[in-house]
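Shown next, in structure tokens, is the structure this report addresses.
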Amino acid sequence: MIRRSLIVGCGAYLPERIVTNEELVTRVDTSDEWIRERTGITQRHIAADDQKTSDLAVMAGRDALSRAGISAEQLDLLIVATATPDNTFPSTATKVQAQLGMTGGAAFDIQAVCSGFIFALATADNFIRSGTVKTALVIGAETFSRILDWNDRNTCVLFGDGAGAVVLKAADMPNSTAELGVLSTHLHSDGRYHDLLYVDGGPSSGQTVGHLRMEGKEVFRHAVVNLAKVVDEALTANNLTPKDIQWLVPHQANRRILEGTARKLNFPLDQVVVTVDRHANTSAASVPLALAEAVHDGRIKQGDLVLLEAMGGGFTWGSALVRM
Ligand code: UT7
């Protein structure tokens with residue numbers, strides 16, 4: 001027998017307020033045409049003033065739990081991937097734990113910026129494979145609107161707020177049928193690229209929250225290379241070719257990055273889940289939001305082989321291959 005993590009429910013939450021490109025034109029020197037052409041983004045959701053990252057996470061978490069038919073008391077692990085926690089401490093995950101009514105187990109945050117959900121999923125999967133956890137809730141939740149410099153047109157048009165979640169459940173299966181659930185995860189980081197994408201503040205760096213700073217062109221260049229590499233790595237590790245994959249669920253930073261990665265892999269664009277047009281870049285929330293959308297609208301079906309991938313500040317990047 002072998003133990004695997006099955007995804008038994010997906011959840012999503014997007015704040016009500018939608019900010020269109022046209023609205024941004026009134027704030028910074030930009031245009032709808034530039035944003036659409038260079039990024040594919042047409043709008044983004046922005047959290048209300050009284051909505052914190054934990055509030056978004058709770059909504060997505062509740063959605064995933066109810067679709068999985070699992071109560072919060074049954075959870076023994078809760079991980080929130082976020083780069084925009086409510087407070088410096090305690091973790092956003094412990095706040096979410098309390099709001100969900102999860103009384104046992106452990107809750108903690110993971111910080112890998114836009115790759116955060118993949119890092120959190122890999123962590124939860126390893127806890128399940130090792131036998132220490134049976135049921136886990138993994139959430140990616142962000143309020144990037146709070147760390148944007150709304151006077152910097154290079155960055156403020158690119159991001160949005162939101163949260164996505166999955167419930168993982170341990171399943172013991174004979175080796176012969178072990179091709180179900182999370183099949184592999186691969187994580188990478190290279191801290192030498194810190195200066196290309198970072199926030200210029202934090203508790204130990206000037207005691208201000210700070211603003212997101214990015215060398216967009218350089219990040220773009222690394223993203224296409226690293227994402228193609230990490231997809232290749234996942235396929236090779238599982239003796240697969242792109243033809244075996246039904247759906248690619250990439251981090252949603254820029255439509256041109258999604259297209260570039262698909263082209264490099266010779267992967268058909270109509271099998272790539274795209275939400276960047278409506279959500280913009282929601283950092284750690286983007287992959288679980290895209291996964292939830294495609295599962296809930298029926299595109300991703302039980303038995304489909306789905307490849308999740310992301311890249312973000314650090315740099316960090318990684319993949320997860322899942323048989324749904
Ligand atoms: O989530 C993790 C990581 N993040 C990413 O993966 C983002 C990666 N990078 C990108 O998506 C793209 O590099 C951007 C969308 C950020 C920028 O696109 P680009 O094609 O690389 O444009 P650029 O930075 O080379 O800028 C081209 C021009 C510049 O003007 P000049 O210097 O050529 O006169 C910019 O000042 O576009 C200008 N520009 C804008 N113009 C109108 C930059 N931002 C804007 C804007 N509106 N919002």
Side-chain angles (χ1 to χ4, degrees), residues 19-44 81-84 111-119 140-145 147-162 164 187-191 193-199 211-231 249-264 272 274-277 279-290 308-319:
V19 173
T20 61
N21 292 346
E22 285 81 6
E23 190 175 337
L24 290 181
V25 173
T26 63
R27 289 189 188 209
V28 284
D29 179 17
T30 189
S31 66
D32 176 47
E33 192 192 5
W34 190 94
I35 302 172
R36 277 176 199 261
E37 267 178 20
R38 307 310 294 164
T39 71
I41 297 166
T42 65
Q43 60 167 51
R44 68 285 293 139
T82 188
T84 45
Q111 188 357 342
V113 205
C114 299
S115 315
F117 179 77
I118 304 286
F119 276 57
E142 303 277 18
T143 48
F144 259 49
S145 61
I147 54 162
L148 294 175
D149 175 351
W150 286 100
N151 296 313
D152 177 15
R153 70 173 185 177
N154 291 294
T155 53
C156 77
V157 304
L158 304 173
F159 296 89
D161 301 335
L187 304 182
H188 300 274
S189 61
D190 189 339
Y193 296 103
H194 167 278
D195 292 354
L196 297 183
L197 178 51
Y198 66 104
V199 168
H211 290 119
L212 181 147
R213 306 293 174 202
M214 177 166 74
E215 298 291 335
K217 231 184 182 49
E218 278 300 299
V219 176
F220 189 105
R221 210 167 52 79
H222 284 278
V224 177
V225 174
N226 287 345
L227 291 173
K229 259 201 223 158
V230 88
V231 168
V249 182
H251 170 51
Q252 311 281 322
N254 185 322
R255 201 182 162 94
R256 289 189 293 135
I257 296 178
L258 309 188
E259 289 169 353
T261 311
R263 219 176 8 250
K264 254 193 153 114
V272 180
V274 180
T275 55
V276 67
D277 52 331
H279 301 174
N281 181 348
T282 58
S283 182
S286 94
V287 170
L289 273 170
L308 317 176
E309 45 92 331
M311 138 112 195
F315 287 150
T316 55
W317 64 103
S319 73

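Note that the coordinates shown come from a computational prediction; the quantities given were computed from them, not determined experimentally. The first residue of the sequence shown is numbered 1, and numbering continues consecutively from there. As the structure lists them, so they are numbered: ligands from 1, and atoms in each ligand from 1.
Neither the backbone nor the side chain of Thr155 has a heavy atom within less than 4.0 Å of ligand 1. Neither the backbone nor the side chain of Ile35 comes within contact range of ligand 1; no heavy atom lies under 4.0 Å. At a 4.0 Å heavy-atom cut-off, ligand 1 touches Phe220 through backbone and side chain alike. Heavy atoms of Met311 found under 4.0 angstrom from ligand 1 belong exclusively to the backbone. Of the heavy atoms in Leu197, only side-chain atoms (C-beta onward) come closer than 4.0 Å to ligand 1. Residue Asn281 touches ligand 1 through its side chain alone, judged by heavy-atom distances below 4.0 Å.
Inspection of the Thr282 and Glu142 side chains reveals no N or O donor paired with an N or O acceptor under 3.5 Å. Counting only N and O atoms by type, the side chains of Thr20 and Gln43 include no donor and acceptor under 3.5 Å apart.
Closest to atom 3 (C) of ligand 1 by heavy atom, among Val219, Ile257, Val276, is Val219.
Of the polar atoms of Cys114, none of the N or O atoms is found under 3.5 Å from an N or O of ligand 1, judged by distance alone.
Numbered from 1 in the order shown, with element, the atoms of ligand 1 that lie under 4.0 Å from a heavy atom of Arg38 read 20 (O). Near Thr39, meaning under 4.0 Å from any of its heavy atoms, are these atoms of ligand 1: 15 (C). Of all the atoms in ligand 1, the ones that sit under 4.0 Å from a non-hydrogen atom of Asn254 are 10 (C), 11 (O), 12 (C), 15 (C). The Val157 neighbourhood of ligand 1 comprises atoms 48 (N), with distances under 4.0 Å to a heavy atom of that residue. Near Ala253, meaning under 4.0 Å from any of its heavy atoms, are these atoms of ligand 1: 1 (O), 5 (C), 6 (O). Residue Leu158 has at least one heavy-atom neighbour below 4.0 Å for each of these atoms of ligand 1: 15 (C), 16 (C). Those atoms of ligand 1 with a heavy atom of Met214 less than 4.0 angstrom away are 4 (N), 7 (C).
Using modelled atom types, no side-chain atom of Gln252 and backbone atom of Ser286 make a donor-acceptor pair closer than 3.5 Å.
Under the 4.0 angstrom criterion, atom 33 (O) of ligand 1 counts as lacking any protein heavy-atom contact.
Residue contact annotation: Asn154 has a non-hydrogen atom under 4.0 Å from ligand 1.
A distance of 12.0 Å separates CG in Asn151 from CG in Asp29, rounded to the nearest 0.5 Å. For the atom pair CG (Leu148) and CG (Asp161), the distance works out to 8.0 Å, reported to the nearest 0.5 Å.
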